[in-house]
Amino acid sequence: MPKPMSKPAAPTAYVCGSCGARAGKWHGRCPDCGAWNVMVEEPDRTAGGARFDPAAAEPARLYAEVDPVATERLSSGFAEFDRVLGGGIVPGSVVLLGGEPGIGKSTLLLQAAALVAAASGPVLYASGEESAYQIKDRGQRLGVGRAPVYLLAETCLERILDEVERLRPALLIVDSIQTTVSTVLQSAPGSIGQVREAATRLLFAAKQRNLPVFLVGHVTREGSLAGPKVLEHVVDTVLYFEGERHHSQRVVRAVKNRFGAVSELGVFEMTGAGLLPVPSPSRLFLSERAASVPGSAVLSAVEGSRPLLVEVQALVSTGAYGTARRTASGIDHNRLSLLLAVLEKRAGLSAVGEDVFVNIAGGLTVSEPAADLGVVAAIASSLRDRRIAEGTAVFGEVGLGGEVRSAGRAELRVREAAQLGFTRCVVPAGDAARTTAPPECALRGVGSVEEALAALAE
Ligand code: TYD
Ligand code: MG
């Protein structure tokens, strides 16, 4: 812990997060609006040197007169990672990388640090979580080598900023934002006040120096970024690192990006020598599939700009009366309930009283509506105990009336399926009419869930 913690540099104030009232000391309950647990510490900016300086202020400028800056993006060294970032690292941007402990955030950033350092100059890796020796130990497995990566085992924000000043790195990595503390605040590391202060000051430094910054953020068990939602508003880009700890597949996904499309995916595999990019993820996600079991369907999904074939697995089994369970992993739980209701009402397939488990293989999460038909196909297959014809892939949105709706980007989905050797795609009728499939892959357009289930059993 840095020494200055006990000796604050400036007086601080506590501000109510809900009504904005200020108080000289912390209250469990806001003295003004009465809300509980909302007081957040804030440095008193008027007491420090951060006064408004009219001489330094810029007047408003006419849009047409503002020169567009040619932002030369920095490559992270991984094409998979660059795509998620919207085509590389934007100078002056702050990127938050969130993910559960142990998923591989530090590993990915240390690898990227080495690649950026080798190509673009020194990288400062500030870690409040591990010592320089621990990081070095990991780096040896990752082949960091002699690239100019500077390690700083430090939690104090001001010290990190001093080192930025001294080294003028091409990239700054802060691992993690929750362990970074500013001496101007008295609150504990990881508190909302501290996290917000650190993120804001780092953002300021990033913009001022055109320095790209990566922040590591921990997520809570519920899956959101620990502590403050404010963090997501402050930074330019929010990425999530996903995957199951017991699987080697890892997915980096953009959920907010001021410099690119969201929902882009980067796929990696965790190996003994760190993370390896996976340029052809469909092959990886289907690699362990046992084709001949009922309850398994192959879905041709699109995540961001990229098609991705994944296996949807369903298991319907008789549960004890009154305790029927519905478990969904990788798809939305409410969507599962809805699709079960549609199956019952529109296709006469009832799972009442049965336990239903649905899973996307490989720990992936699929959120697009086109996944519906894959889920329905897998459940129906398990319910009837009949497997889906070999070499068949599906996609399509399912409506409450049991209709199958167009999914969009059908051509991309069909091409990916054909490339991986699938010979038939069961797709929305609307998409089938508009799509020219490669000769080796037949299209079967369906208008309803009932029709789709009949087609799958052929
Ligand atoms: P880490 O990057 O420390 O995770 P985070 O920073 O998100 O908490 O990754 C830790 C896990 O990754 C750990 O369980 C070991 C594994 N790992 C490998 O499998 N291979 C490797 O080369 C490295 C460095 C880590
Ligand atoms: Mg870590």
Side-chain angles (χ1 to χ4, degrees), residues 76-78 80-81 84-85 94-118 123-145 147 149-155 157 160 171-181 189-190 194-195 198-199 202 213-227 231-232 235 237-255 265-278 284 287 362-365:
S76 67
F78 291 113
E80 283 295 306
F81 198 22
V84 182
L85 290 164
V94 177
V95 178
L96 178 65
L97 179 65
E100 283 174 30
I103 203 78
K105 300 179 294 294
S106 305
T107 304
L108 178 66
L109 291 183
L110 188 57
Q111 285 181 271
L115 294 167
V116 170
V123 172
L124 177 57
Y125 188 108
S127 176
E129 312 226 321
E130 291 161 302
S131 69
Y133 300 104
Q134 284 173 300
I135 302 169
K136 172 101 190 190
D137 185 50
R138 172 184 301 130
Q140 274 171 333
R141 282 208 272 160
L142 306 176
V144 168
V149 176
Y150 289 83
L151 303 179
L152 178 66
E154 182 60 75
T155 56
L157 175 68
I160 296 172
L171 173 69
L172 168 66
I173 294 167
V174 178
D175 187 358
S176 66
I177 190 69
Q178 277 93 1
T179 53
T180 307
V181 285
Q194 283 287 10
V195 168
L202 286 166
V213 179
F214 275 102
L215 307 177
V216 170
H218 292 296
V219 297
T220 59
R221 207 166 296 154
E222 297 82 53
S224 58
L225 279 158
L231 208 50
E232 295 194 10
V235 301
T237 301
V238 180
L239 308 179
Y240 273 95
F241 210 159
E242 299 170 356
E244 282 173 45
R245 200 134 21 130
H246 308 291
H247 283 99
S248 60
Q249 294 95 318
R250 297 285 183 273
V251 172
V252 186
R253 186 193 296 272
V255 294
L265 283 190
V267 183
F268 293 88
E269 196 173 0
M270 182 61 97
T271 69
L275 289 154
L276 284 186
V278 179
L284 176 71
S287 60
L364 202 73
T365 301

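In listed order, ligands and their atoms are each counted from 1.
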Task: Per atom 2 (O) of ligand 1, closest listed option by heavy atom (L109, T107, D175) - done: T107
- [ ] Run down the list P101, G99, G104, S106 and name the one with the heavy atom closest to atom 6 (O) of ligand 1.
- [x] S106
Could you find the nearest protein heavy atom to [atom] and give me its residue, atom name and distance?
atom: atom 8 (O) of ligand 1; value: G102 N, 2.7 Å
atom: atom 24 (C) of ligand 1; value: R138 CG, 3.5 Å
atom: atom 22 (O) of ligand 1; value: G274 N, 2.7 Å
atom: atom 12 (O) of ligand 1; value: M270 CE, 3.2 Å
atom: atom 15 (C) of ligand 1; value: R141 NH2, 4.8 Å

Task: Non-hydrogen atom of E129 closer than 4.0 Å to ligand 1 - done: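 No, E129 has no heavy atoms under 4.0 Å from ligand 1.
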Task: For V94, the option from L202, V238, L215 that meets side chain to side chain contact (heavy atoms under 4.5 Å, CB included) - done: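 Of the listed options, the one satisfying the test is L215.
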Open item on the list: Once you restrict to heavy atoms under 4.0 Å, what part of L108 touches ligand 1? Side chain, backbone, both or neither.
Closed with: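 None of L108 does.
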Task: Check: T271 N/O within less than 3.5 Å of ligand 1 N/O - done: yes
Open item on the list: For ligand 1 and G272, I'd like to know whether there is a polar contact (N/O to N/O, distance under 3.5 Å).
Closed with: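 N/O-N/O distance under 3.5 Å: yes.
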Task: Test item: K105 side-chain N/O and G99 main-chain N/O as donor-acceptor pair under 3.5 Å - done: yes
TODO: Of all the heavy-atom pairs spanning F268 and V278, show the shortest one and how long it is.
DONE: C-CG2, 3.8 Å
Open item on the list: So that I can check it, does any N, O or S atom in S176 come closer than 2.8 Å to the Mg ion (ligand 2)?
Closed with: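 No, outside the cut-off.
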TODO: May I ask you to check whether F214 and F241 place their ring centers less than 6.0 Å from one another?
DONE: no
- [ ] Any atoms of ligand 1 less than 4.0 Å from a non-hydrogen atom of E100? List them with their elements.
- [x] 7 (O)
Task: Under 4.0 Å to a heavy atom of L142 - the qualifying atoms of ligand 1, by number - done: 22 (O), 24 (C)
Open item on the list: Nearest 0.5 angstrom please: H218 NE2 to D175 CG, how far?
Closed with: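 Going from NE2 on H218 over to CG on D175, the span is 6.5 Å.
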